[in-house]
Amino acid sequence: MTNTADLGAEALRDHVAAQLTRARERSALLTDAVDDDDLVRQHSKLMSPLVWDLAHIGNQEELWLVRDVGGREPVRRDIDELYDAFQHPRAARPTLPLLGPGEARSYVREVRDKVLDVLERTPLEGRRLLDRAFAFGMIVQHEQQHDETMLATHQLRTGAPVLHAPDPPKPVVAHRVDEVIVPGGRFTMGTSAEPWALDNERPAHAVEVPPFAIESVPVTCGRYLEFVEGGGYDDRRWWSDGGWAFRVEANLVAPRFWDKHGQTWTRRRFGVVEEIPHDEPVVHVSFHEADAFARWAGKRLPTEAEWEKAARHDPDGDRSRRFPWGDEDPEPRHANLGQRHLRPAPVGAYPDGASPLGVHQLIGDVWEWTATDFYGYPGFQAFPYREYSEVFFGPEYKVLRGGSFGTDPAACRGTFRNWDYPIRRQIFAGFRLARDVRSGEVR
Ligand code: AVJ
Ligand code: FE
């Protein structure tokens, strides 16, 4: 990801075209990997058929870039309703008269051809939607977000593996659990400057954060296994009321996709059954499980502001940076992003991505549950549509931060906010621990 703030007009157009192409290559990979029957099938009630995601990607692109930005005639006005996420819940989508696989592929191609023409001919100025090519950036991020959702559908699907990727790097030295103390004080949360930041990341605002301690790496499978084997799922003390109700109703015993064979715990990962990797961040846990683990460990989840301060605050310059490592766009050496690997990397594998205080792997590997409900920042303004963020504001959603191995760099920043219900486990979510500090602990 190039910082779009620095590009001239022609370079910006080239950058947009390259980002659109990269997103489409990923969508094609995820949808060409399976046969037509698999594309139209619902692999889980939680997910859409893959073929719905594909045509929805094209429809969103048509609405914003062909019709709104381009001012052109609709490609397929008749299908808008089918691909409006608010019209039909995911569980109902397989029964709709959806475009078939071949039709969906030619639809997204036709839309894209028009969009590349619109990109050539539209001055990238004069409207807020066009400033720094925001509308195009929003559509790139939308496609990449659905690609991550499709990747989660692949993880839910049963059958032989169809996706393949090399393993992520290993740490040079094994990382031991430690924590970093972040001194109290104000920092700048959110952004008003990042050109492609979405509405919920805006505006930049000062937040006073009391001193806290945060662990330098996400909680690993090995440590989580101690909670599982130590009876954590059966001990009411560790769970909130809502968490315990969910634990009982869903009969939770371990993270999703874990299974016990005799004495050995295994997990299923994109069709491969393997032993639990002890040094890898745990993934596929709900907020409630993360919250229970934290109580068992004598700690708590970080607030969203704590997470962002750990990730962005420059203790020397007293300003907020774009990423833990600085202002540079993510490179493969910084973080496990972009589906280059099909799993989180062991803790300690990305020393080049650490923050100045030494907090590792905030970006990439696993989304991290925070303790914070999803609301707009002070001064929030829905842009360009209420249905991206605003309609979800409220206490029923928890914020997740940092992105996963399945998140593209185009849809990941130090300010990026994700959200989901606290019972959701199919997303690539883990967590890290934090705690309050006593005043004597802060140097
Ligand atoms: C930000 C991941 C919660 O998938 O529901 C996709 C992104 N919004 N299409 C979602 C989104 C509209 C959104 N999340
Ligand atoms: Fe969408």
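Numbering of ligands and ligand atoms starts at 1, following listing order. Side-chain atoms are counted along with the backbone in the values below, which use heavy atoms only and exclude waters and symmetry mates. Just so you know, residue 1 is the first one in the sequence shown, and it goes up from there.
In terms of polar-atom proximity, Arg90 is not counted as a contact of ligand 1, lacking any N or O under 3.5 Å from an N or O of the ligand. By the 3.5 Å distance cut-off applied to N or O atoms, His146 is counted among the residues near ligand 1.
One side chain, Ser48 or Arg93, offers a donor N or O that lies under 3.5 Å from an acceptor on the other. Checked by atom type, the side-chain pair Glu390/Tyr385 shows no donor-acceptor distance below 3.5 Å.
At the Fe ion (ligand 2), the vertex angle linking NE2 of His56 with NE2 of His146 is 90° (nearest 10 degrees).
Here Glu280 pairs with Arg267 in a salt bridge; the nearest charged N to carboxylate O distance falls below 4.0 Å.
Counting heavy atoms closer than 4.0 Å to ligand 1, residue Tyr388 contributes side-chain atoms (C-beta onward) but none from N, CA, C or O. Proximity of Asp420 to ligand 1, defined as any heavy-atom pair under 4.0 Å, is not found for any part of the residue. If you look at Gln60 next to ligand 1, there are no close heavy atoms at all, none under 4.0 Å.
Interface atoms of ligand 1 facing His142, defined by a heavy-atom separation under 4.0 Å, are 6 (C), 9 (N), 12 (C). Residue Asn418 has at least one heavy-atom neighbour below 4.0 Å for each of these atoms of ligand 1: 1 (C), 2 (C), 3 (C), 14 (N).
Inside a 4.0 Å radius of atom 5 (O) of ligand 1 there is not any protein heavy atom. Inside a 4.0 Å radius of atom 1 (C) of ligand 1 there is at least one protein heavy atom.
In summary, the aromatic rings of Phe431 and Phe287 are positioned with their centroids too far apart to meet the 6.0 Å limit. The six-membered or imidazole ring of Tyr388 lies away from that of Trp64, with a centre-to-centre distance of 6.0 Å or more.
Stacking of Arg223 on the aromatic ring of Phe293 is not recorded, the 6.0 Å distance cut-off and the 45° axial limit not both being met. Both the sub-6.0 Å distance and the 45° axial angle are not jointly satisfied by Arg343 relative to the ring of Phe405.
The Fe ion (ligand 2) lies closest to atom NE2 when only the N/O/S atoms of His142 are considered.
Taking atom 7 (C) of ligand 1 as the reference point, the nearest protein heavy-atom neighbour is Gln145 OE1, 3.5 Å.
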Inset, instruction - Evaluate the criterion side chain to side chain donor-acceptor pair (under 3.5 Å) for residue pair Asp53 and His146; output intermediate values, then yes/no. - result: CA-CA 7 Å; Asp53 284 285; His146 275 275; 2.9 Å; yes

